[in-house]
Engineer: 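Next up is a structure, given as structure tokens.
Owing to the predicted nature of the structure, the values given are computational and were not obtained by experimental measurement.
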There are 2 protein chains.
Amino acid sequence: MTESRRGRPGYDRAGVLEIAVRAFNEHGYDATSMGTLADRLGLSKSAIYHHFPSKESVLDAALEQGIGALEAVLAEPGATTGRAADRLRFVLERAVHVLVDRLPYVTLLLRLRGNTSVERAALERRREFDRAVTALVVEARDAGQLRDDIDPRIAERLLFGMINSIVEWYRPEGPEDADRLAQDVLAVAVDGLRLR
Amino acid sequence: MTESRRGRPGYDRAGVLEIAVRAFNEHGYDATSMGTLADRLGLSKSAIYHHFPSKESVLDAALEQGIGALEAVLAEPGATTGRAADRLRFVLERAVHVLVDRLPYVTLLLRLRGNTSVERAALERRREFDRAVTALVVEARDAGQLRDDIDPRIAERLLFGMINSIVEWYRPEGPEDADRLAQDVLAVAVDGLRLR
DNA sequence: GTCTATATTGAGATAGAC
DNA sequence: GTCTATCTCAATATAGAC
């Protein structure tokens with residue numbers, strides 16, 4: 001994003017990152033070699049090392065794009081003011097939009113296994129995000145704004161199970177736009193599939 | 001499962017498979033080397049090749065355990081007779097139980113990237129399963145048993161996003177048992193989190 | 001059913017020229 | 001910003017003995 005880029009050979013960091021993340025998502029990070037990356041970039045392996053000092057640093061940069069955007073949602077006004085249930089709705093809806101807007105980066109984040117310290121650091125930030133959302137569920141339930149027969153931690157996990165799964169099938173070119181998708185997620189989460 | 005096994009050194013196929021799948025899930029299939037596997041088994045690498053002809057054949061055997069159990073659900077009487085909405089409920093509930101009963105095998109299945117023909121074959125069977133469930137959602141909706149303002153394909157994906165995410169956090173040792181978990185999933189899926 | 005080699009390939013990464 | 005080597009190491013897999 002630092003400049004206009006594009007023109008094929010002549011990559012900047014963000015350009016390399018974009019292609020690399022796509023490859024990581026298609027084959028998995030571990031299964032993607034620097035050689036494969038080089039092929040897809042139309043570069044030699046060593047050219048990649050001009051932009052990133054290691055394969056893992058590419059991963060690190062990519063993960064920051066995903067987790068940073070999710071963390072930012074929690075700092076938005078809609079997540080910090082108003083009824084707990086409304087703040088929860090806001091976070092869920094914004095999370096869907098972040099997933100869609102940064103699809104490849106969040107996809108990568110959600111598939112981590114924690115093999116290295118870079119991965120573990122990102123996983124820890126994800127857990128912290130989940131804890132914050134769980135706290136919101138607790139607050140909304142205690143305020144009598146949510147059903148109280150489901151454990152808030154289970155509820156949070158089911159909600160984000162639903163939301164996170166979006167990265168596995170949503171494609172921006174498809175018919176459904178992000179607003180409609182967020183609306184559907186909220187509809188199922190809040191009211192369920194039962195006919196009314 | 002062919003015999004009683006256990007006693008440490010002296011593995012049968014199922015014994016090797018069990019340990020291997022655990023390792024695959026912890027580090028990812030690609031990130032798990034035969035050397036790591038050998039260490040965790042307390043064997044040499046070559047001993048593994050006595051039980052399985054290749055690393056990929058270990059994966060193949062593991063995936064069969066997972067996808068086979070899911071496919072079997074669709075053949076149970078509860079999935080083939082009765083109201084469409086009830087059949088759908090049945091499949092969702094049984095799917096949760098399969099996930100819990102075969103947690104490591106289904107976990108592995110759900111994390112595939114399709115890098116090899118073995119993986120792609122399993123993914124195709126998963127897609128076929130999803131298609132069958134989507135058909136059930138369509139049928140229930142057309143029979144007026146489900147809300148009709150959400151695309152059945154989206155609904156199916158959100159439902160199984162929720163269900164499949166269970167493998168990422170559920171641990172059998174924990175407080176929540178499988179029956180309760182299935183009940184919670186159905187509660188959210190059918191009625192949502194709204195207070196009633 | 002397991003072992004100790006070992007063959008062979010491909011990985012991540014570096015050196016140094018253009 | 002990119003290239004052509006090349007280093008080094010770890011991976012899958014095999015041979016053949018116990």
Engineer: OP1 or OP2 of D/dT2 versus the side-chain N and O atoms of A/His51: is any pair under 4.0 Å?
Structural biologist: yes
Engineer: Counting side-chain heavy atoms from CB outward, which of D/dC3, C/dC3, C/dG1 is closest to B/Ala47?
Structural biologist: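 The nucleotide sitting nearest to the side chain is C/dC3.
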Engineer: Mind jotting down which residue pairs meet the ring-ring contact (aromatic ring centres under 6.0 Å, His included) criterion with at least one end in residues 64-112 of chain B? Sequence neighbours excluded, please.
Structural biologist: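 Every candidate ring-ring contact (aromatic ring centres under 6.0 Å, His included) pair involving residues 64-112 of chain B fails, so no pair, neighbours aside, qualifies.
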Engineer: Pairs in or reaching into residues 149-193 of chain A: which pass ring-ring contact (aromatic ring centres under 6.0 Å, His included), with residues at least two apart or in two chains?
Structural biologist: A/Phe129-A/Phe160
Engineer: Can you tell me the distance, in whole Å, between the CZ atom of A/Phe52 and the P atom of C/dG12?
Structural biologist: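 Computing the A/Phe52:CZ to C/dG12:P distance gives 15 Å.
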Engineer: Which pairs pass salt bridge (charged side-chain N to carboxylate O under 4.0 Å, His left out) with one or both residues in residues 67-81 of chain A, sequence neighbours excluded?
Structural biologist: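 Applying salt bridge (charged side-chain N to carboxylate O under 4.0 Å, His left out) to every pair that reaches into residues 67-81 of chain A, excluding sequence neighbours, yields A/Glu71-A/Arg125, A/Glu76-A/Arg94.
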Engineer: Does the protein touch nucleotides 7-18 of chain D at the base, only the backbone, or not at all? Give it as B, S and - per nucleotide, heavy atoms under 4.0 Å.
Structural biologist: ----SBBBB---
Engineer: Answer yes when B/Arg141 and B/Asp148 have at least one side-chain N-carboxylate O distance shorter than 4.0 Å, and no when they do not.
Structural biologist: no
Engineer: Residues in side chain to side chain contact (heavy atoms under 4.5 Å, CB included) with A/Ala155, at least two apart?
Structural biologist: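 For A/Ala155, the residues satisfying side chain to side chain contact (heavy atoms under 4.5 Å, CB included) (neighbours in sequence not counted) are A/Val137, A/Ile150, B/Leu193.
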Engineer: Under the ring-ring contact (aromatic ring centres under 6.0 Å, His included) definition, can you give me all pairs with a residue in residues 26-51 of chain A, not counting sequence neighbours?
Structural biologist: A/Phe24-A/Tyr29
Engineer: So, is B/His50 close to the C/dT2 phosphate, meaning a side-chain N or O under 4.0 Å from OP1 or OP2?
Structural biologist: no
